> 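The structure follows.
Given the structure is predicted, the values throughout are model-derived calculations rather than measurements. Every chain is numbered from 1 and lettered A, B, ... according to where its sequence line falls, protein lines coming before strand lines.
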Number of protein chains: 2
Amino acid sequence: MNASAPRAPAKPTGLDCRLAVLGSDVRLTPHRREVFDVLASSTDHPTAYDILDRVKSRSPHISLATVYNCLEHLTTAGLIKQVQLERGQSRYCANLHEHVHFHCETCGKVSDAHPAADFDPAKFWNLPKGTKVTRMDIAIHGTCEACTAKH
Amino acid sequence: MNASAPRAPAKPTGLDCRLAVLGSDVRLTPHRREVFDVLASSTDHPTAYDILDRVKSRSPHISLATVYNCLEHLTTAGLIKQVQLERGQSRYCANLHEHVHFHCETCGKVSDAHPAADFDPAKFWNLPKGTKVTRMDIAIHGTCEACTAKH
DNA sequence: TTTAGAATTAGAATGATTCTAATTGCATTA
DNA sequence: TAATGCAATTAGAATCATTCTAATTCTAAA
Ligand SMILES: [Mn+2]
Ligand SMILES: [Mn+2]
Ligand SMILES: [Zn+2]
Ligand SMILES: [Zn+2]
């Protein structure tokens, strides 16, 4: 590469600016880190607006556009997951273990449920030979323990 | 019930105006029947716009509002299912057998896949004791047979 | 310190769906 | 059959979540 060629896109060096895990290639700016931290310390699958509210306690001037922007970058990098349970707002999840979502139709809460160790889901459906599976989205709807107890 | 009390909601009588199956309580107007018939003869999980296009060949003056309206009534009555695979447009399905959806990320096609006879999904996830399951939405994403064959 | 690219922002635009208000259709009652 | 009243249908407006735009600010390499 000669001197007049356009400079390669800036690649920040500090290790603390990346999540080495996952070999992801997002630059972890303060906002992205805050959005990630909010999500990583939540188990309730917040929406973009929920996340905006929570991040605002640390960064009062962050905008909704930035929250969406951060969520998109983090999702693309594989650091978080976008979860679509119903029409309307997406929810987000920082749990990268294989899991499914339980949605209580009474109180609206969403929680993670993990599969039994021997679970191999693909073998249960008669997919045409030659089909390749890259991902499964499993949502279980019903009534949670607490709501069931309250009758 | 005395004469001055408001009349009970009109309940059409003709058997041909209902789908006796499912004990459903929708009045099957011509539009609703057409929307239902379009869906019942489709296996591709059309969107509301797709359905509008297809119904228009028989009823050129039907409106998008009516299509949405019909879809909502048919869904509420349990005659069809709304399917939410990604953000954006909902899709609809008239297959009432228990099944999951396979979505090809290459060509975008959506197809039904049926579970093996002995499949009891709830037992595979560690749901808290007391949880009640009413419904499961399972979407499998990947590459279909045809797209896999084309490399 | 300079500077180019990336991040951030407010607000506009978009797309899918739902709502509104007016009109039309239709089944029951008179 | 005619009158009545609710339900269905409609066009277009409104809403909601998200994405886009264009301007500004930040950051890291040189
Ligand atoms: Mn989760
Ligand atoms: Mn289906
Ligand atoms: Zn609950
Ligand atoms: Zn395909």
Side-chain angles (χ1 to χ4, degrees), chain A residues 1-18 25-36 46-53 55-56 59-77 82-92, chain B residues 1-18 25-36 46-53 55-56 59-77 82-92:
Chain A
M1 53 179 87
N2 67 53
S4 63
R7 190 165 33 132
K11 291 206 175 185
T13 45
L15 255 184
D16 67 332
C17 289
R18 307 275 187 127
D25 204 32
V26 224
R27 192 189 303 191
L28 267 201
T29 66
H31 282 162
R32 287 180 194 171
R33 183 180 289 279
E34 279 163 10
V35 166
F36 178 80
T47 65
Y49 282 85
D50 293 335
I51 293 167
L52 176 66
D53 282 347
V55 170
K56 265 186 173 165
S59 292
H61 300 302
I62 194 173
S63 72
L64 178 60
T66 297
V67 171
Y68 272 111
N69 202 324
C70 293
L71 289 169
E72 198 206 305
H73 280 270
L74 294 169
T75 301
T76 300
Q82 186 175 25
V83 179
Q84 191 62 202
L85 286 177
E86 320 171 89
R87 275 209 50 75
Q89 297 172 84
S90 296
R91 293 165 171 274
Y92 297 85
Chain B
M1 51 177 88
N2 66 52
S4 63
R7 193 164 32 132
K11 290 207 174 184
T13 46
L15 255 183
D16 66 332
C17 289
R18 307 275 188 126
D25 205 30
V26 222
R27 192 187 303 191
L28 267 201
T29 67
H31 282 162
R32 286 180 194 171
R33 184 180 287 279
E34 279 164 10
V35 166
F36 179 80
T47 65
Y49 283 85
D50 294 335
I51 293 167
L52 176 66
D53 283 347
V55 170
K56 266 187 172 162
S59 292
H61 299 303
I62 193 172
S63 72
L64 178 61
T66 297
V67 170
Y68 272 112
N69 202 323
C70 292
L71 289 169
E72 199 206 306
H73 280 270
L74 293 169
T75 302
T76 301
Q82 186 175 25
V83 178
Q84 192 61 202
L85 286 176
E86 320 171 90
R87 275 210 49 76
Q89 297 173 82
S90 295
R91 293 165 170 274
Y92 297 85

> Once you round it to whole Å, what is the distance between P of dT25(D) and CD1 of I62(A)?
18 Å
> Give the rounded distance in Å between these two atoms: CD of Q84(B) and C1' of dG15(C).
13 Å
> Below 4.0 angstrom from OP1 or OP2 of dA17(D), is there any side-chain N or O of R87(B)?
no
> What is the distance from atom CZ of R33(A) to atom OG1 of T29(A), rounded to the nearest 0.5 Å?
9.0 Å
> When the C1' atoms of the five terminal pairs at each end define the local axes, what inter-axis angle does the helix from dT1(C)-dA30(D) to dA30(C)-dT1(D) show, to 10 degrees?
20°
> I'd like to check the side chain to side chain contact (heavy atoms under 4.5 Å, CB included) partners of Q89(A); sequence neighbours left out, ordered by chain and number.
T47(A), Y49(A)
> Taking only the side-chain nitrogens and oxygens of T29(B), find out if one of them lies under 4.0 Å from OP1 or OP2 of dG25(C).
no
> Has T66(A) got a side-chain N or O lying under 4.0 Å from the OP1 or OP2 atom of dT8(C)?
no
> Starting at the 5' end of DNA chain C and moving along, which residue's nearest nucleotide shows up first, Q89(B) or A65(B)?
Q89(B)
> For T76(B), what residues pass the side-chain hydrogen bond (donor to acceptor under 3.5 Å, both in side chains) criterion, not counting sequence neighbours?
none
> Who passes side-chain hydrogen bond (donor to acceptor under 3.5 Å, both in side chains) against Q82(B), sequence neighbours left out?
S90(B), Y92(B)
> Would you say H31(B) reaches dT9(D)'s phosphate, i.e. side-chain N/O to OP1/OP2 under 4.0 Å?
yes
> Quick one: K56(B) NZ to dT10(D) P, roughly how many Å, whole number?
10 Å
> Could you pull out the closest heavy-atom pair between E86(B) and Q84(B), with the gap in Å?
O-OE1, 3.2 Å
> Which atom names give the shortest non-hydrogen contact between V55(A) and I62(A), and what distance separates them?
CG1-CD1, 3.7 Å
> Grab the CG-P distance between L28(B) and dA8(D) for me, whole Å please.
11 Å
> Quick one: closest heavy-atom pair of V67(B) and A48(B), and the distance?
CG1-O, 3.7 Å
> What is the distance from CG of L64(B) to P of dA8(D), rounded to the nearest Å?
18 Å
> Taking side chain to side chain contact (heavy atoms under 4.5 Å, CB included) as the definition, give me every residue that meets it alongside S63(B), ordered by chain and number, with sequence neighbours left out.
A65(B), T66(B)
> For G88(B) and P30(B), find the nucleotide of DNA chain C closest to each by heavy atoms; which residue's nucleotide sits nearer the 5' end?
G88(B)
> Heavy atoms, side chains only, cut-off 4.5 Å: are N69(A) and V35(A) in contact?
no
> Between dA7(C), dA8(D), dG12(D), which nucleotide has the shortest distance from any of its atoms to the side chain of R27(A)?
dA7(C)
> Tell me whether the side-chain N/O atoms of S90(A) come closer than 4.0 Å to OP1 or OP2 in dA17(D).
no
> Whole angstrom is fine here: how far is it from CZ in R91(A) over to P in dA17(D)?
12 Å
> Using a strict heavy-atom distance below 4.0 Å, which residues from residues 67-76 of chain B are in contact with DNA chain C?
Y68(B)
> Nearest whole angstrom, please: distance from the P of dA17(D) to the OH of Y92(A).
12 Å
> Looking at L85(B) and R91(B), what are the two nearest heavy atoms and their distance?
CD1-CD, 4.2 Å
> Roughly, in whole Å, what's the span from CG in L52(A) to C1' in dT18(D)?
14 Å
